[in-house]
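Chain letters run A, B, ... following the sequence lines, proteins first, then strands; residues in each count from 1.
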Number of protein chains: 2
Amino acid sequence: MDLLVRNGWIPDRGGCDLKVVAGRIAAIGPGLEAPPEVPRIDAGGMAIMPGLVNGHTHAAMTLFRGFGDDLPLDTLLRDRLWPVEARMDEESVYWGTRLACLEMIRSGTLVFWDMYWHFHGMARAVEEMGLRCALGVPMIDVAGPEQGRWCREEAIRLHEESSRYSERIHLTVTPHAIYSVSLENLEWVAGFAAERGVAVQLHLAETRREVTDSLERTGLRPAFLLDRVGLLHPRVLLAHGVHLDAEELDLIAARGATLVTNPVSNMKLAVGGVFPYSAAQRRGIPLALGTDGPATNNGLDLFQDMKILALLQKQAQADPTLLPAAECWRLATGRMAPLLGGSGRVEVGERADFLLIDREAPELCPGHDFISDLVYAASGQVVDTAVVAGRVLMRHRVIAGEAEIRREAAAQARRLCR
Amino acid sequence: MDLLVRNGWIPDRGGCDLKVVAGRIAAIGPGLEAPPEVPRIDAGGMAIMPGLVNGHTHAAMTLFRGFGDDLPLDTLLRDRLWPVEARMDEESVYWGTRLACLEMIRSGTLVFWDMYWHFHGMARAVEEMGLRCALGVPMIDVAGPEQGRWCREEAIRLHEESSRYSERIHLTVTPHAIYSVSLENLEWVAGFAAERGVAVQLHLAETRREVTDSLERTGLRPAFLLDRVGLLHPRVLLAHGVHLDAEELDLIAARGATLVTNPVSNMKLAVGGVFPYSAAQRRGIPLALGTDGPATNNGLDLFQDMKILALLQKQAQADPTLLPAAECWRLATGRMAPLLGGSGRVEVGERADFLLIDREAPELCPGHDFISDLVYAASGQVVDTAVVAGRVLMRHRVIAGEAEIRREAAAQARRLCR
C-alpha cells in the first residue's frame, strides 16, 4: 500500500515526512508530496519508530491468561492447560490469536514468531489483523508413532495450503522440544525444512531437567543433540536456552542459529537459571526477545519485557552497565536477529512497518534520552499508531473490531475452561 | 467531598453503586441516591478498586529520568545526579513532583512516601494534584556538623509550617542512611520524631558495602545500629533492606518497623542481592512496595513493579508458587503495611480513595482471574478514573493541567541538566 505520513519526528534526524510506495519506505524528508488518492496521516510531531519483534509466543493462549498462575510448570500443564487445550479447535485458536494480535498492535509489536495448533485458525487471524508472523506447524510424538505420522502429514498438507495467505505469513515447522519428539522425527523435520526452505522453531534448554534427561538418554547436551539431527543452522530459532553451557553456545554460534530469550516466562515459572545473555552476545549469536505465551507471562507488551530483560541481566550478573537501553531497543526491534524479519529501522528501502509513538506521554518527559525512556519508563500505551506494509492497523489506539474480538475470545475461553 | 458513583463493579460483590460522604465511603449497594447537588459519575461497569501505595520514591527526580542509566550507583551519583541536584530549587522540585503525581495518578497510585529536598515545593505540588503523601524532611551531615545543624533547624521550622497543608500531607523526618548521618543526629531524629509524633523514613541495607562499613565502624549490622539510636519502632519505614540477615529481620519484626522493597531500582543498580521477601513475610514484618526515584527505575507505574517483584522473588528463590497474585495485590495496595495509610479496600467507612479500572482493556480479557490479570497482564493504562477523598483527580485518563506540567517540568530539566 501507499501512504504519506506528514509531520513526524525521527531520533537523530528530527522533523520529517515519510512516504510509502507499494509497502516500502520510498522517501523520508521535509515537504514530501503524493498523488491525491494516497491516504495521508498527520503524525502530529510523534516519533516514527520501528515496530517490535516478539521472537517466541503461543498467541492463542490468551484464552488461558490467568487460568493457572503461581504453579510449577508440570502442574500448570497437566492439571490446567492440557485438559482445556484438548478442547480447542480452529475457531477458538482464531479468536485467541486475534485477541493476541490486538494486544500486540496496541503495544507496538508488528512481527511475531508463534508455535501452536490449528494453523488456519492462526493464519486467518493474523491475515485479518495485518501483522507479520512466522507460524509453526507442530511436531510432537509423545503419544506414539501414530501422532508423529499425523504431524508429518499435517506439515506437508499445511505447507501446500499455506500458499493461500499473503507474504506476511510464513509457515515454519516446530518440533516441540528434544524430549517430546523422537530422533527420527527430528531428522524428518530437518529434511522437510531443508527441502521446502522453511524455518524451524523449537524450545531448547528451558529447564535443567531437559539437560539431564538428554544426557541420560543420548549422552549429549541439548544443542549437540540438535546438531546431530541436522537442526542447528541459520534457519533455526531456539526459544529459552536458559540452561546452555559454554560449549553449546560455541556450537550455536558456529552454526548460526538464533536464540530467543523469554525472561518473564522463565522468571514466572522459576526455571532455575537465567539466560546467558552476555555469553551469547559476546559470541555473536543472533538474539531476540520473546514474551512466551500468555498462560505464562501473562501479557504481550514487549515494552515491559524489554525492561525486565535488562533488569534481570543486570541483577543476575551484578553489573548495572550490562544490556544498556540502546542495545535492549535493538534487541527488541529485531536488529540482532535477521532471521526474524523485523525491519528494525525506519529507512528508505525498508518495509513500511513502523509505529507512531506519542512523545507527549508523561512517562517520556523530560526526554533526556528518548530510547532510554522507551526501554525503562514506557509501556505499550505510548504507541499511538501502527503501520505494517503501509497499512494502518491502529490509529490513535483504535483498532477495528476490538469489541467483537474481546467478546468472542471471552466466549471461547468460557467454553474451553468450563 | 461527596460523590455518587453509579454502575460500578466490585470483585466478589458484582454490580453496585458507591456513595461518598465527606470524603469517606458511606454506602455500597444497588440503587443508591444522593441529593441533586452531589457530583455523579457513571462507572460504566468498571471495577471500583483500591488505589496503589508507593512506599518509597523521590518524586521530583522525574526531572532526571534517563539522565544517567546503566551506570554503577556511585558513578551515577557523583558524575550525574549530585551536580545537577545542587542546582535544584523549590520551583524545580514543585514541577518535578507534579510530573510524578501525574504519572502516579495515571497508573493508579493514590498514596506515596517520598524523600527529597525543598519540602514546600513537594507539598504544594501534592496539595494541588490531590494525592496523599508522606513527605520527608532530610537529615544528612556528610558535609560536617554545620549541615547537620541546618537540617535540624529545617526540620523544626518545616514541621511548624507543615500545618498549612491539608490532612492529606504528612511531614516525616528522613535521615538519609546510617552511613550519611552521624549517630548524634540519628539520635536527635529519634527524639524529634517521638516528641512531634511524626514518622521516620530512611534507606537501610541497600548495598553490601553499607553492611560492611557499619560493621567496621560500629561493630553492629545496620538494623542493630538503628535500634541502638532509637530508630526501630512501628513509626519507622525502612527502604530497600536487600542485605538484611536473619537476626536483623527478627529484630525488625520484634520492633514493628515497616520494610519497603524496591525491586526495579535494586535490579537496575545491581545492588548484589535480592530483598528477603519470604523471610520478612514469614516473620510478620509490615511490607510495602516502592518504585524508588525515577532516576533509578525509571517509571512510576506500580502495576509494572508489582509484576516485577513477583517475578524476581519466584526466580531468586526458584519457587513459582511464591508471592502469588492476590498477595502481590495486597502488598501493592498497602494492606500489608498499615503505617503507610493506604485504605487498601473499598468498604463502607474507609476513606473514599479508589480507582475505576476499565475491565474492557484487552489485556484483562478473557478474565479468568481479575486480580491475576491486574498483577500479571495489566499496566497502569487500565486505570480510567482516580478518586481521593471523594475528589475526582482523573476521569477517562484526563488530568487537569497535564500539558502545562509536561512543559514546565521539561523546561526545569533542561535548565538543571544544561
Contacting moiety of [X], where chain B heavy atoms sit under 4.5 Å:
X        : answer
A:Ser379 : both
A:Ala316 : neither
A:Asp319 : backbone
A:Ile371 : neither
A:Leu71  : backbone
A:Arg397 : side chain
A:Cys365 : both

Between [options], who has the most heavy-atom pairs with chain A when the cutoff is under 4.5 Å?
options                               : result
B:Arg414, B:Lys314, B:Gln412          : B:Lys314
B:Leu102, B:Thr62, B:Asn266, B:Asn297 : B:Asn297
B:Ala270, B:Gly66, B:Gly299, B:Pro362 : B:Pro362

Ignoring hydrogens and geometry, is there a side-chain-to-backbone donor-acceptor pair from [X] to [Y] under 3.5 Å?
X        : Y        : answer
B:His368 : A:Cys417 : no
A:Asp70  : B:Ala325 : yes
A:Arg406 : B:Pro366 : no

**OP:** Indicate yes or no: at least one non-hydrogen side-chain atom of A:Leu73 is less than 4.5 angstrom from one of B:Pro320.
**Re:** no
Original post:
Using a cut-off of under 4.5 Å for heavy-atom pairs, which of A:Arg407, A:Lys307, A:Arg65 has the most such pairs with chain B?
Top reply: A:Arg65
Portion of [X] that has a non-hydrogen atom of chain A nearer than 4.5 angstrom:
X        : result
B:Val264 : both
B:Leu269 : backbone
B:Leu300 : neither
B:Gln317 : neither
B:Leu99  : side chain

Original post:
Distance from B:Phe303 atom CZ to A:Gln304 atom CD, nearest 0.5 Å?
Top reply: 11.0 Å
Subject >> Under-4.0 Å salt bridge between B:Glu363 and A:Arg106 >> reply: yes
Subject >> Any donor-acceptor N or O pair under 3.5 Å, side chains A:Asp69, B:Ser372 >> reply: yes
**OP:** Carefully, step by step, assess B:Gln315 and A:Val274 under the rule side chain to side chain contact (heavy atoms under 4.5 Å, CB included).
**Re:** CA-CA 9 Å; B:Gln315 187 267 333; A:Val274 171; 3.0 Å; yes
Original post:
Stepwise, does the side chain to side chain contact (heavy atoms under 4.5 Å, CB included) test hold for A:Ile308 with B:Leu311?
Top reply: CA-CA 9 Å; A:Ile308 294 171; B:Leu311 295 175; 4.0 Å; yes
